[in-house]
Amino acid sequence: MNFVTGRVEGPGLVAAEGLGRAVPLAVRLPSEGSEVTLGLRPQHLAVAEGSTHRVELTEALGGVSYIHVTAPTGEKLVVESRDDPRVAPGDRVGIAFDPAQVFAFDPVSGARLR
């Protein structure tokens, strides 16, 4: 699972620079300004148009490829792709995901909030 740091911006909204945008979450979150850890599985991420993340490495393993990217925050993410990703180390890409697939965790205890 990929983990990035987020900050609660308001009811149901977490700012996550590591994912390139704020994430709406339908869970009870700590108070505004609190830090949370967001988790997203590699198969729930996709490479998209944009330039927020830098491709570090691609692993073509037959029917699946893993694309390792670095977020603007320096956080590392792994994206699973079943398509031919057509990206190379050094390329700049965006990241797409469905907010319903994002998990939120307490950064101290690790307890899952969703």
Side-chain angles (χ1 to χ4, degrees):
M1 184 169 297
N2 295 293
F3 294 103
V4 297
T5 300
R7 184 162 308 279
V8 178
E9 285 193 330
L13 190 64
V14 176
E17 289 182 54
L19 295 177
R21 65 180 173 113
V23 181
L25 295 175
V27 297
R28 184 173 177 203
L29 294 168
S31 62
E32 189 170 335
S34 297
E35 198 171 279
V36 294
T37 299
L38 299 179
L40 197 55
R41 292 185 174 103
Q43 65 268 30
H44 295 144
L45 284 169
V47 170
E49 291 292 321
S51 60
T52 55
H53 293 71
R54 183 178 191 278
V55 176
E56 301 296 336
L57 171 74
T58 60
E59 296 178 276
L61 304 174
V64 66
S65 293
Y66 292 99
I67 304 156
H68 299 256
V69 299
T70 300
T73 58
E75 294 167 306
K76 307 291 185 186
L77 301 169
V78 177
V79 179
E80 181 179 306
S81 176
R82 301 245 171 224
D83 301 323
D84 185 2
R86 305 245 181 224
V87 295
D91 288 352
R92 305 288 301 183
V93 298
I95 297 295
F97 58 92
D98 177 357
Q101 301 295 330
V102 177
F103 293 91
F105 301 92
D106 180 282
V108 177
S109 70
R112 185 173 142 187
L113 304 174
R114 173 189 176 276

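Given the structure is predicted, the values throughout are model-derived calculations rather than measurements.
- For residues 2-33, the ring pair (Phe, Tyr, Trp, His ring centres under 6.0 Å) pairs, not counting sequence neighbours, are F3-F105.
- Remark: Y66 engages no residue in a ring-ring contact (aromatic ring centres under 6.0 Å, His included) (not counting sequence neighbours).
- By the side chain to side chain contact (heavy atoms under 4.5 Å, CB included) test, R82 is found to be paired with V64, E80, residues two or more places apart in sequence or in another chain being considered.
- For the side chain to side chain contact (heavy atoms under 4.5 Å, CB included) with V55, the qualifying choice from V87, V47, V79, T70 is V87, the only one to do so.
- Legend: residues meeting side chain to side chain contact (heavy atoms under 4.5 Å, CB included) with N2, ordered by chain and number and at least two apart, are P42, L45, L77, V78.
- Under the side chain to side chain donor-acceptor pair (under 3.5 Å) criterion, R28 pairs with no residue, sequence neighbours left out.
- Shortest non-hydrogen contact noted between A60 and S65 is CA-OG, 3.6 Å.
- When the side chain to side chain contact (heavy atoms under 4.5 Å, CB included) test is applied to D98, the partners found at least two apart in sequence or on another chain are A100, Q101.
- Hydrophobic cluster membership of L13, counting Ile, Leu, Val, Met, Phe, Trp and Tyr whose side-chain heavy atoms lie under 4.5 Å apart directly or via other members: none, as it forms a cluster of its own.
- Heavy atoms only, all atoms of each residue included: V23 and A16 are closest at CG2-CB, 4.3 Å.
- Expressed to the nearest 0.5 Å, how far CZ of F103 lies from CG of L38 amounts to 11.5 Å.
- Partners of R7 according to the salt bridge (Lys or Arg N to Asp or Glu O under 4.0 Å) rule, which considers only residues two or more places apart in sequence or in another chain, are E35.
- Residue E17 qualifies as open at atom CD: its count of foreign heavy atoms under 6.0 Å is 12 or below.
- Residues passing the side chain to side chain contact (heavy atoms under 4.5 Å, CB included) test with S109 are D106, A111, sequence neighbours excluded.
- The minimum heavy-atom distance between A71 and G18, with the atom names listed, is CB-O, 3.4 Å.
- With sequence neighbours excluded, the residues forming a side chain to side chain donor-acceptor pair (under 3.5 Å) with R54 are E56, listed by chain and number.
- T73 has its side chain out of reach of V4: every pair of non-hydrogen atoms, C-beta onward, lies at least 4.5 Å apart.
- With sequence neighbours left out, E32 forms a side chain to side chain donor-acceptor pair (under 3.5 Å) with no residue at all.
- The CG atom of L113 sits 9.0 Å away from the CG atom of L25 when rounded to the nearest 0.5 Å.
- By the 4.5 Å heavy-atom criterion applied to side chains, S81 and R86 are not counted as neighbours.
- Every pair tested for ring pair (Phe, Tyr, Trp, His ring centres under 6.0 Å) that includes a residue from residues 21-64 fails, sequence neighbours excluded, so the list is empty.
- Side chains of V36 and P30 form a contact here, defined as non-hydrogen atoms less than 4.5 Å apart.
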